[in-house]
2 protein chains.
Amino acid sequence: MAIRPETHRTRGLARRAALLDAAGEIVGERGIAAATHRAIAARAGVPPSTTSYFFESIDELLATAMRERLDEHVQALRALTATIESAELTPDPQTIDGFADATAVLVMSGPRAHTIAQFEVYMQASRDSKYSNYAEEMFDAFEALAAAGLKAAGAAEPATGARAIVALVDGLMLQHLARGTTERRAKSEIRAALAVAFHSYLEVSQ
Amino acid sequence: MAIRPETHRTRGLARRAALLDAAGEIVGERGIAAATHRAIAARAGVPPSTTSYFFESIDELLATAMRERLDEHVQALRALTATIESAELTPDPQTIDGFADATAVLVMSGPRAHTIAQFEVYMQASRDSKYSNYAEEMFDAFEALAAAGLKAAGAAEPATGARAIVALVDGLMLQHLARGTTERRAKSEIRAALAVAFHSYLEVSQ
DNA sequence: AGGATGTCTGGACATTTGTCCAGACTACTC
DNA sequence: GAGTAGTCTGGACAAATGTCCAGACATCCT
């Protein structure tokens, strides 16, 4: 009761975090099928039984890992959204290009495995409704960013085009991953497509 | 030598096809991890050892199943592309809307599991370069369709926007799958987004 | 220092998995 | 109808997997 096993808990949480990181990396690199208890433990550098100690089951471990990874992404999206919204931007081509660039940089940041794991969440969501909430949160956060960008750029109805812009970026990222193109090229493609799309939607909604 | 086991081979091929269908369905419904020898065989209604008889390994079975499913899609895409190209369309709003509609119908046809399996191919491609060719073929066929549509609608440089349109549609489909929206809604969203995008790219490239 | 308490792990277990093959079976030729 | 060649399958095997737990371990209070 009065015990504060500070060191214990600290190390425990560190191991738990290591397991979650390892799980995310394995899912990204070799798929969900390869994310076994032993593989995850080996990657995290802990004994196999550690996984059972910290998580009810392998499913809970994976769900938690996905959740954490997703939270990071959502947080980054919301941070950029807040920046866009707080800055009083003037609707001009420069603003649009700047936003397109910032978005491209954000979605292409982070290791490749993380990005793949993110799409793996979408696949899980398509089968298991438990994951749908995860995916929806992600989409909504991204959509809010797109809407903020549209609004800052002077669009009359930001909501209309936001979903399409999210789809456009996700689609380009999926193509990048599946085709194996360089990150450099993917980033510039996303930036260009976003710029075009923003200009277009601007014209349409004005 | 002179033997023509016609009936044998016929039934054999039917079973092989049943296995491939079953594999595709299971991948779509429950993911690659659930696509085991026994699960596939049970679904196809054949003894478990049949899988080993017809395929070198489980990987070859899955790769073949993905390949077949993908070929169907590519064929459908090319058929529509040929139709668009052969018809001498006049570049007007009606043409664009008609093309948007035809594309939306095409990509949303087929059972949900097939669509998910198609995205699973993209995920595999992101990890295994062997699958990259599959994904690329798919993307290229779709891109050709989009380019044909742009060209028919009077776009000056069809190639420029085609890739973005493919990304847009794939992204919308992914959102549809992950969010669990109705097919009706997804189809209308795809149609609307395509119409807007085509009009936009039209203006941009002219 | 010593006991108490929560933290961790080696090893084991039942299941499930991929793979194989000896032999049963079927269709065909003569 | 008997023989034969190709087709198929039940059953078995090793390996891998998820899960569990008795006990070792570390940390803390008194």
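Here is the naming used below: chain letters follow the sequence lines, and residue numbers restart at 1 for every chain. Quick caveat, the model's predicted, so the values are computed rather than measured.
Residues satisfying the ring pair (Phe, Tyr, Trp, His ring centres under 6.0 Å) test with B:F55, not counting sequence neighbours, are none. Legend: residues meeting salt bridge (charged side-chain N to carboxylate O under 4.0 Å, His left out) with A:R179, ordered by chain and number and at least two apart, are B:D140, B:E143.
Atom CD of A:E60 sits in a crowded spot, with more than 12 heavy atoms from other residues, nucleotides or ligands closer than 6.0 Å. Residue A:E72 places its CD atom among more than 12 non-hydrogen atoms of other residues, nucleotides or ligands, all under 6.0 Å distant.
Atom-to-atom, OH of A:Y53 to C1' of D:dC25 comes out at 12 Å; the value is rounded to the nearest Å. Distance CD1 (B:I40) to C1' (C:dG18): 11 Å, rounded to an integer number of Å. Atom CG in B:L62 sits about 13 Å away from atom C1' in C:dT17, given to the nearest Å. Spacing between atom CZ of B:R16 and atom C1' of D:dT7 amounts to 15 Å, rounded to whole angstrom units. One can place CG of B:L19 at 15 Å from C1' of C:dG18, the figure rounded to the nearest angstrom.
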Checklist entry - How does each nucleotide of nucleotides 16-22 of chain D score, in 5' to 3' order, for protein heavy atoms under 4.0 Å: base (B), sugar-phosphate only (S), or none (-)? => result -BBBB--

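At least one cation-pi condition fails for A:R15 and A:F54: the charged atom is not both under 6.0 angstrom from the six-membered ring centre and inside a 45 degree cone around its axis.
Here the two rings, on A:Y134 and A:Y131, have centers that are under 6.0 Å apart.
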